[in-house]
Structure formats: structure tokens, C-alpha cells
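To find a chain, count down the sequence lines: A is the first, B the second, and so on, and within it residues start at 1. As the structure is a prediction and not an experimental result, all values here were calculated from the model.
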Amino acid sequence: MPATRGKPLQLFDSMTRMLREFVPVRAGKAGIYSCGPTVYNYAHLGNLRAYLFTDTLRRVLLFKGYAVTQVMNITDVGHLTSDADAGEDKMEKAAAQQHRSVWDIARHYTDAFLADMAALNILPPDHQPKATDHIQGMIDFNRKLEAAGHTYLLPDGLYFDTSTVPDYGRLGRLDIEGQKAGARVADTHGKRNPTDFCLWRKSPADSRRLMEWDSPWGTGAPGWHLECSEMSLRFLGAPFDIHTGGIDHRQVHHCNEVAQNMGFLGNGDAGVRYWLHNEFLVLGDDKMSKSKGGFLRLQTVLDQGIHPLVYRYFCLQASYRKPLEFGWEGLKGAGAGLKRIHLRVAELAARAGADTATRLRDAVANPLTADVAALSTPLADGARRYLADLDAALSDDLNTPRALAALNTLLADDALAATDALRLAALFELVLGIRLLAMTADDLNLRAKDAALTDDRISALIEERNLARKNRDFARADAIRDELDAGGVLIKDGPQGTTWEWKPA
RNA sequence: GGCGCCGUAGCCAAGUGGUAAGGCAGAGGUCUGCAAAACCUUUAUUCGGCGGUUCAAAUCCGCCCGGCGCCUCCA
């Protein structure tokens, strides 16, 4: 079996700002480092979009036959909310507000984060190192930077001298001169260059931080940019293939990582072959005020009776490199679309036969081990075309909207044999992760948080309605239907009787 | 002040030189006591505005309008 298949994968690299063909450092393998969450609060939907993006990237590489290693950090060290001494430590602030230890805070929000990832069907990274487990590594990293002359000491800590590496800020297309002239240049409190950043922050002499460690530069905590450099190079080696993160990291965090890596590696190379950044989820007006503050969690979506995978599907409808407009209308629209897709796949499964459906479901249950070549083997010409469409879309910088368009088209293609169509659905599922074969449309219906009707009450009402219908008391029957509708329950009358489901709030 | 992004039908959105994917909603139909659900059919002479380049532009260039991100922690 070839190590890779399909068209060359084109990825938009932030360093060159160009589409570049993916050529791995090691043939047949791909290493990804994804900037993970700081666990001082719940992840919001925008954060989660970033992880859906990295998951798609990973699934596409797997689909194309690469052996993928993905590393995602968990930032459980508090970092200051500003570069000035007066800044607050996010972790410590959360701990103080909630009267819990910083370690409790970290554990709680890490667990919540992992639960969100699972709900979204995001494959767990191969490694999820916590920053606090790598303090010694970061200290060693700094020692090397210090020995190579990239650092200097200020009263409040150890700093990286960005003038010691060539072309600082290229990744972010930073205009250093322009920033100097600007009105918003931060207090440099002795920094040699405005862009210099902290590698080790000393605890104030008169107080202790809740999280602090001893180091050659005094007791304190590592600089925020350090952990990603240390852990990415430790787990993936240098150079490694792909580094991902939100677009907001392109200008500061990742520029600093590049500088650190260059200083550390000492060969004029940052050790990262492709930098990929996802755009933001943006909040339009819509009914967003309902949750005011714009802090929307996955739980917020669940409370509306909307399945987590609907959010995944919603994100897949847009390019990861374009801002995505969030709105409830759009999300519910995605829900309706995803539901119809599931209904069609279920119909295909019925036509293809239970044995085939079960076999295919099991074959794609684990994208890490799924045999794409075997799945795509007996496929009629008319079906092959859709596989080519899928590959072409994904190879074009992970164009999932196009992949979804192909999926919709193939599900409506009457010329396809049911087995072929279902096989294609299985292949699409490997990359999309919307549980096409492992879930049904019914599974998408969730009870909204404020739904008042109980299942028993609903059953009783339906029974009463059916009796009224039998007696041709349609006024009563319709009144019951309206009552159920008002309660968020959708009635479905069919030849086999009446069923019901929850509607999104 | 600097750097960068976006603006395509009611909504989300693909498309970046060759004459507008896909989904949702809407409309019509089948079904139904009527509906809903489901299924079938259908829906942008037009891509924020104004100029320009070109045989040809949503796609390239200029200006303008609107929205957003980063420059301080942030996906």
C-alpha cells in the first residue's frame, strides 16, 4: 500500500502566505503541533472551531495515508493578562474568584475541554502535554538560549532579545517601525526592543505566586511562548511538519515561538515547515444577546436542544481560513441539513443491507486505523467520481464546504448502487467526523434544557390525540398538536403510527 | 498610528479571469381530515458601491462605504 494517495495536498502556509504542496519531513509521516487551550475557563465556540480545524487537518492527512502524530498542549500555567507588572494571572484570578486552588481550576477546565472535544468527535491528540509537566524542559530551553546569547535579565525576569534572530516577525508580517510610531506601544520597562518578550517571569519579591518554580533566574514562572517551543520540539523533533493555531497567534505568539526556536536550534531555522492558522468564528447580531457577552459554550448549544455535531457540521460548511458568521438561524439550518444527510444514509444502509452497513460502520469506526484503500476498492466508475471529488476538495487546502457539496450530490444520485453510495458515505465520514454510519437522525434530536414536557406526558397527549382523531374530533386533536408544538415537540404521523421528536428550541 | 482579513440570494457559504457549488429557509407538488414529518420540483442575468484593465471580472487594479481581527492574555 502506498504511503500516500490522491492529489498532492495543498496547504496555505502563513509564513510564505502561499498555497504550498505538503511535503513531509519524513516520508509517509506527518507531525502536527496544535496550540491548545489555557484551562482557566470553559472553551467557547470560537476556541472549538480551532480544534475542529486541526482535527480535520489530521483526518485529511490520515485519509491520504500519512501516519500522523498530533501534539496539543494544555496550558495550565497562569500567564499574565498584560505584559506590565500590574497584569493579572488568569489562572490565579479564576482560582480566587471560585475559591479553589489553581490546580483544581486547571483540572476542572481540562476535563471540561476534553469532554467538549469528545462531544465534537475530535480525535484525541496522540500527546496532550501539560505545561506544568515541562517546567524543567523550559528551564533547560532557556539555559540554552542564554548560553547562545539570546537573552538578557531585567529585574522582573529573563527576556528574549528579538534583535538576535534574523527577520523577527516575518510570520506575522510585523512592521516593527510602524509599531514604534504607533500610539499603542506598550510600556517597555527596560526592554531592549519593543518586541522582546519574557522567557521567565520572576515572582514579586513581596508576594508569592500560587504556581511558581525555582530557576536560575529566580523563583517564578515560565513565559507563555516557551511551552509550545519546548513541547513541540520535544515530542516531534526538529524540524517537524505542521504547526497550527488561531489567526490571533500569527503575529505575536508564533513569531515569538519562531524566534525562540531559531535561538534554540541555532541553525537559522525555526524547525516548522508549515504554519497553519484558522480564522475566527464571529458573532453577528442575531439573537446573540440572549447569551450576552458573546461567551457561547458548547453547552449553550446543547441547552437549545442542538446536537454538538451540528456545530461541527456548521463549521465544516465554511473554509477554516474565512471568518465564520455565527447565528442561531445558521446553526439550526446546519442541523436541518445534517439531519437530512443522516436520513439519506440510513435509507442507503437499509437498501444495502444490514450486513454491509454494519461492516462499513465498523470499518470507519476508528479513523486512525481505517483502511481507506480497501474501502475504496470495488467502486463503480460513477461512484469513483465522488471519491475523486472528495480528494480534490480536501487537497485544496481542506475545502470541506466542497466536500459537503459532493456528499449532498452523491446522496441524491439515483444512478449509484446503494452499496457504492454507502461505501462513499463511509469514506466521507472518515474525514468529516459527523458519525454518518454510527448515528441516526433520531440521535440528533436532543431535549432542550427548558423543555417542560415529560416523556410520559407526551405519550399520553399523543394517545389522546390519536383517540380524538379516530373519533374525528379534529378540533381536539389539533389543539393537542399545538400544545405539543408549543412544548417543543414535533409530531410525526406515519403509516406505522405517530412518533415524535424534540425540536431545537 | 501600524499590519491583516472579510463583504456572493432571507440565512450560512463555495467559487479568485471564461460566464454564479452546496445546505437552510421560502414557493409549488405528493402524502394527510387539515397539517407536520418525509419525498419530488423550484428559487441570484447577478456577486457592498463607483471607476479602470481585458475579447471576457464575483474573480485583477484604484478609490469609497460597511464589518472584523491583531498590535496586551485570547482559537
Can a salt bridge be assigned to the pair [X] and [Y] using a cut-off of 4.0 Å between side-chain N and carboxylate O?
X      : Y      : value
A:D389 : A:R402 : no
A:R49  : A:E279 : no
A:D478 : A:R465 : no

Grab the [atom1]-[atom2] distance between [X] and [N] for me, whole Å please.
X      : N      : atom1 : atom2 : result
A:L174 : B:rC3  : CG    : P     : 11 Å
A:F12  : B:rU16 : CZ    : C1'   : 13 Å
A:D414 : B:rU41 : CG    : C1'   : 13 Å
A:N399 : B:rG22 : CG    : C1'   : 11 Å
A:D396 : B:rG15 : CG    : P     : 7 Å
A:I306 : B:rC24 : CD1   : P     : 16 Å
A:D442 : B:rA37 : CG    : C1'   : 12 Å
A:E329 : B:rG26 : CD    : P     : 10 Å

Among [options], which is the nearest nucleotide to the side chain of [X]?
X      : options                : result
A:N408 : B:rG23, B:rG4, B:rA13  : B:rG23
A:Q251 : B:rC70, B:rA14, B:rA37 : B:rC70
A:L490 : B:rC68, B:rA37, B:rA14 : B:rA37
A:K339 : B:rA38, B:rG22, B:rA35 : B:rA38
A:R481 : B:rC34, B:rA75, B:rC68 : B:rC34
A:K322 : B:rA14, B:rA36, B:rG4  : B:rA14
A:Q317 : B:rG33, B:rG2, B:rG23  : B:rG23
A:A336 : B:rC5, B:rA35, B:rC24  : B:rC24
A:A405 : B:rG22, B:rG69, B:rC12 : B:rG22
A:Y313 : B:rG23, B:rG22, B:rC34 : B:rG23

Is [X] touching bases, backbone alone, or none of the nucleic acid, heavy atoms closer than 4.0 Å?
X      : result
A:L407 : nothing
A:G46  : base
A:H249 : sugar-phosphate
A:L324 : sugar-phosphate
A:F314 : sugar-phosphate
A:R49  : nothing
A:T499 : nothing
A:P323 : sugar-phosphate
A:Y40  : nothing

Taking N and O atoms by type only, does the side chain of [X] place a donor or acceptor under 3.5 Å from a partner on the base of [N]?
X      : N      : result
A:H44  : B:rA75 : yes
A:R340 : B:rA38 : no
A:D478 : B:rA35 : no

Which value, in whole Å, describes the distance between the C1' atoms of nucleotides B:rA25 and B:rG49?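 Result for the C1' pair: 28 Å, nearest Å.
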Do we see a donor-acceptor contact under 3.5 Å between the side chains of A:Q10 and A:D397?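 Note: A:Q10 and A:D397 side chains miss the donor-acceptor criterion.
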Within less than 4.0 Å of OP1 or OP2 of B:rC40, is there a side-chain N or O belonging to A:R344?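 Looking at the OP1 and OP2 atoms of B:rC40, one of them is under 4.0 Å from a side-chain N or O of A:R344.
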Can A:F474 be classed as stacking with the base of B:rG33, given a centroid separation cut-off of 5.5 Å and a plane angle cut-off of 30°? yes
I'd like to check, for A:F280, whether its ring lies over the base of B:rG69 with centroids under 5.5 Å apart and a plane angle smaller than 30°. no
Restricting to non-hydrogen atoms, name the atom on A:A95 and the atom on A:I105 that form the minimum distance, rounded to 0.1 Å.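 That would be CA-CG1, 3.7 Å.
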More than 12 heavy atoms from other groups under 6.0 Å of CD on A:E463: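 No, CD of A:E463 has 12 or fewer neighbouring heavy atoms, counting only those of other groups under 6.0 Å.
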Find the partner of B:rG33: check Watson-Crick (N1-N3 plus N6-O4 or O6-N4) and G-U wobble (N1-O2, O6-N3) distances, both under 3.5 Å, and reply none if neither fits. none
Do A:V39 and A:T75 come close enough that some side-chain heavy atom pair is under 4.5 Å?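 No, side chains not in contact.
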Tell me, do A:L52 and A:Y311 make a side-chain contact under 4.5 Å, heavy atoms counted?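 Answer yes - side chains close enough.
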